[in-house]
Protein chains: 2
Amino acid sequence: MALLDLLGRRWQLRVIWELSRKPLNFRDLRAACSDISPTILNTRLTELREADIVTLTDDGYTLTTEGKNLLAEFMGLHDWAERWAKRR
Amino acid sequence: MALLDLLGRRWQLRVIWELSRKPLNFRDLRAACSDISPTILNTRLTELREADIVTLTDDGYTLTTEGKNLLAEFMGLHDWAERWAKRR
DNA sequence: TTGTCATGCTACAAAAAATGTAGCAACCTG
DNA sequence: CAGGTTGCTACATTTTTTGTAGCATGACAA
């Protein structure tokens with residue numbers, strides 16, 4: 001499952017999640033991700049850009065159409081997580 | 001997002017995925033996950049058991065009801081991944 | 001009761017990945 | 001040209017993962 005190779009890395013889901021609200025520039029995205037180290041943020045962004053999930057625009061890092069499709073699926077997981085968190 | 005703390009770790013999604021077909025014992029699960037090291041498999045299983053997503057039964061490691069709910073959401077991601085893989 | 005096998009799991013040194021801090025290079029803007 | 005913003009790199013330290021060996025327990029057979 002190639003998806004898991006891509007998403008099963010630390011911070012990868014989080015980066016997508018943080019970009020779901022609005023585009024963010026490198027520094028703001030870094031801050032949004034609990035001040036992840038710039039080294040690894042750049043690594044993740046490179047992976048996501050190669051996968052055509054994220055792109056860098058004048059507004060900052062942005063989800064592509066693909067990325068938005070992925071996010072839509074991911075929201076299902078998010079809803080599950082909300083219910084899960086409440087039960088604990 | 002607590003979900004990301006749980007799932008945003010290497011192998012975590014993969015372990016759930018491998019258990020989606022059928023329960024597997026420790027050694028078979030390990031083999032299914034490309035021979036992941038037993039150290040880290042045990043760490044992941046402990047996390048998933050504490051989160052009540054996976055449980056150990058006579059048949060082996062099994063998704064709980066929660067785990068199956070999670071998997072249902074996860075399938076959406078999987079479908080996306082299939083389309084994504086085809087396009088590349 | 002003793003040997004064999006399956007299974008869950010631990011130990012631990014080596015390798016790989018992530019962190020945290022500093023700062024460079026390119027680009028604006030005044 | 002001076003000062004600020006931004007994307008990103010360098011690199012030593014720390015954390016995580018790997019890979020191999022093997023222990024402990026329990027079921028079953030001889």
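Computed from a predicted structure; not experimentally measured. Every chain is numbered from 1, with letters handed out A, B, ... down the list of sequences.
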**Study point:** Closest-nucleotide ordering on DNA chain D, the 5'-leading residue of B:Arg44 and B:Pro38
**Key:** B:Arg44
Practice item. For C:dA17, take OP1 and OP2 only and decide whether either is under 4.0 Å from a side-chain N or O of A:Trp11. Key: no
Exercise for review: Looking only at side-chain atoms of B:Thr39, point me to the closest of D:dC8, D:dG19, D:dA10.
Suggested key: D:dG19
Check your understanding: Where the side chain of B:Ile40 is defined as all heavy atoms beyond and including C-beta, which of C:dT19, C:dC9, D:dT17 is the nearest nucleotide?
Key -> D:dT17
Point to revise | Atom CG of A:Asp58 with >12 non-hydrogen neighbours under 6.0 angstrom | key: no
Point to revise | Euclidean distance, atom CG of residue B:Asp59 to atom C1' of C:dT7 [Å, nearest integer] | key: 14 Å
Check your understanding: If only side-chain N and O atoms of B:Arg10 are considered, is one of them under 4.0 Å from the OP1 or OP2 phosphate oxygen of D:dT15?
Key -> no
Practice item. Using a strict cut-off of less than 4.0 Å between a Lys/Arg side-chain nitrogen and an Asp/Glu carboxylate oxygen, indicate whether B:Lys86 and B:Glu82 qualify as a salt bridge. Key: no
Exercise for review: Please report, rounded to the nearest Å, how far the P atom of C:dA25 is from the CZ atom of A:Phe26.
Suggested key: 17 Å
Practice item. Report yes if at least one side-chain N or O of B:Asn25 is closer than 4.0 Å to OP1 or OP2 of C:dA6; otherwise report no. Key: no
Review point. For B:Asn42 and C:dT10, is the shortest distance between a side-chain N/O and OP1 or OP2 below 4.0 Å?
Key: yes
Check your understanding: Can you check the A:Asp35 CG to C:dA18 P distance for me, whole Å?
Key -> 17 Å
Review point. Rounding to a whole Å, what distance do you find between B:Leu29:CG and C:dA6:C1'?
Key: 16 Å
**Study point:** Minimal non-hydrogen separation, B:Ser20 against B:Leu71, with atom names
**Key:** CB-CD2, 3.3 Å
Exercise for review: Take atom CG of A:Leu24 and atom P of D:dT6, then tell me their distance rounded to the nearest Å.
Suggested key: 12 Å
Check your understanding: Quick one: B:Arg30 CZ to D:dG19 P, roughly how many Å, whole number?
Key -> 9 Å
Point to revise | Atom-pair distance (CG on A:Leu56; C1' on C:dC27), nearest Å | key: 14 Å
Check your understanding: D:dT16 P sits how many Å from B:Leu41 CG, rounded?
Key -> 18 Å
Review point. B:Tyr61 and B:Leu19: which non-hydrogen atoms are nearest, and at how many Å?
Key: O-CD2, 3.4 Å
Check your understanding: For B:Arg27 and B:Ser34, take the nucleotide of DNA chain D holding the closest heavy atom to each; which residue's nucleotide lies nearer the 5' end?
Key -> B:Ser34
